[in-house]
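Please read the structure below before turning to the comments.
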Number of protein chains: 2
Amino acid sequence: MTIEQGSYESPIDRSVFDQFAARLAGDLPRPTVVETMTALLRQEIIDGAYGPGTRLPEESLSKRFRISRHSLREAMRLLVHERLLVHETHRGVRVRTVDVHDLGEIFAARRVVECAAVERASDDGAALAVVRAAVREGQQAAEAGVWATVGTADLHFHQAITALAGSSHLDELMRRLLAELRLALHVLADPRRFHEPYLERNDEIATLLERGDRTAAASALRTCLDDAERQLTAAVAA
Amino acid sequence: MTIEQGSYESPIDRSVFDQFAARLAGDLPRPTVVETMTALLRQEIIDGAYGPGTRLPEESLSKRFRISRHSLREAMRLLVHERLLVHETHRGVRVRTVDVHDLGEIFAARRVVECAAVERASDDGAALAVVRAAVREGQQAAEAGVWATVGTADLHFHQAITALAGSSHLDELMRRLLAELRLALHVLADPRRFHEPYLERNDEIATLLERGDRTAAASALRTCLDDAERQLTAAVAA
DNA sequence: CCTTGTTCAACTGTTGAACAATATCCGGTC
DNA sequence: GACCGGATATTGTTCAACAGTTGAACAAGG
């Protein structure tokens, strides 16, 4: 996997921006330009629209979406804060590249948070139902053969696991960790080979949780995380 | 405790800004205006310079520090992202007010993270030394009678506890949780009465950790957190 | 008395232009 | 090929301007 070092160029995309703004406007008042831009950029980045390390020059991007440099800068600053972009003074921002060390830190945090969530899970039927739903989401995507969606479902599964702890702060932390992790997922050569085994393993974890056997669930979860870290580390190192 | 609803006004303070920038410049190249402003505002907020709910109008603040509205906006947006400020479209930003519900969420996350850190602590002598140092910092501040510093030392203690997990992500989460918590600490009528008992309790936890008795340490820590939450909840509710 | 416009001042959201500061590229020199 | 100076491109920062909203004061009407 080569590292994309160029910078993204494109003609005017104001329509994409407006469309995204409309989608955000689903509920409350018209979203702000900065809010829209932040959400749009975030989506594009985690979708892998700009390979790791890609420069995002202020002028081209602001022209592309027909927004001012100021609004764009505010949006990018937020994404830097979320660790999806990295910023160097007078050198601009680039899409974050997740290296082996980063992976280690991500999984270290995940082990603590997810395992704790499982061990201390309250008997919350609703929260467990979300876990089960994520498992099914993955199985259906697998039947349809859409392996990218299987990957997304796997992230949903772990987000649901975290939610068992009932802490919005931990939910938010996991949201960011998984977004960061998704950056690394783009380097996978064979998504199916990576994701498929976890369908059954997640199913088993969900079943153990439904039976109330938290210790066994935590143990299985920990093994999953260890394996995933090993595989991803190998993939990223290559 | 009355809730400050006014907005902060003050004459020009460019000197304060420059001084802070110089302090930040200790190591690397001259810090950016936005970086400086973010750090300065963050410090002022957690020091309680602007009571909870205080409005921070863009124009007065930017004039006060002689920086542009844009730079100020970027700084404030970051602090909103850190949950120290809250933002409402067209209504500006206010200093966050931590209510009883927020306290519950903060402590729920702290219980998970800190207890997990203690239970899974590696036998890292350096990390334990930091814990011990925080205990001593509190004891010395108590001897000097500076109870605000005792409170700060207590936060350092819990930060050091979290560091036992060896995860930069968890360290960062705890940094934010404790910053949020500090907002609530300002409502304490009698800091000494609140902080003093924890000097000995923290000492005991550190001792248990040094002996390698993680289970007992985790148990003691959990009790501490429960008590602190109860006290703070009562204080905030009043 | 309460509710419903109406008006106005204050503030935020957003943009464009301009200039300073710095990094990067490029050609010349040794 | 390594080092140096200047041209160029980007980022950092400010100022000025204007459209949109909010909040409050106030008038009109039931």
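Chain A is the first sequence line, chain B the second, and so forth, proteins listed ahead of strands; every chain is numbered from 1.
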Under-4.0 Å side-chain N/O to phosphate OP1/OP2 contact, A/T89 with D/dG12: no

Rounded distance (nearest 0.5 Å) linking atom CG of B/L61 with atom CE of B/M37: 6.0 Å

Ion pair check, A/E229 and A/R111, cut-off under 4.0 Å: yes

Minimum-distance nucleotide to A/R73 side chain [options: D/dT22, C/dT14, D/dT13]: D/dT13

Greater than 12 external heavy atoms within 6.0 Å of B/E59's CD: no

Spacing between A/M37 atom CE and C/dT15 atom C1', to the nearest angstrom: 16 Å

Earlier contact from the 5' end, DNA chain D, for B/L72 and A/E59: A/E59

Atom pair distance, as rounded to whole Å: CZ in A/R94 and P in C/dA23: 14 Å

Residue closer to the 5' end of DNA chain C, A/R69 versus A/E35 (nearest nucleotide): A/E35

Nearest-nucleotide pick for A/H90, side chain only, options being C/dT12, C/dA23, D/dT14: C/dA23

Residues A/E105 and A/R83 bridged, charged N to O under 4.0 Å: no

Under 3.5 Å, N/O pairs linking protein and nucleotides 4-7 of chain D:
none

Polar side-chain contact A/H70-D/dT14 base: donor and acceptor under 3.5 Å: yes

Test: A/D18 and A/R14 ion pair at under 4.0 Å: yes

Side chains of A/E82 and B/H81, donor plus acceptor under 3.5 Å: yes

D/dT14 phosphate, OP1 or OP2, under 4.0 Å from B/S71 side-chain N/O: yes

N/O (side chain, B/R55) to phosphate O (OP1/OP2, C/dT12) under 4.0 Å: yes

Heavy-atom donor-acceptor pair, A/R30 side-chain to C/dG13 base, under 3.5 Å: no

Length of the CZ-P vector between A/F17 and C/dT14, whole Å: 8 Å

Check: B/S71/B/S68 side-chain N/O donor and acceptor closer than 3.5 Å: yes

Closest listed nucleotide, where the reference is the side chain of B/V33 and the choices are D/dG23, D/dT14, C/dG13: D/dT14

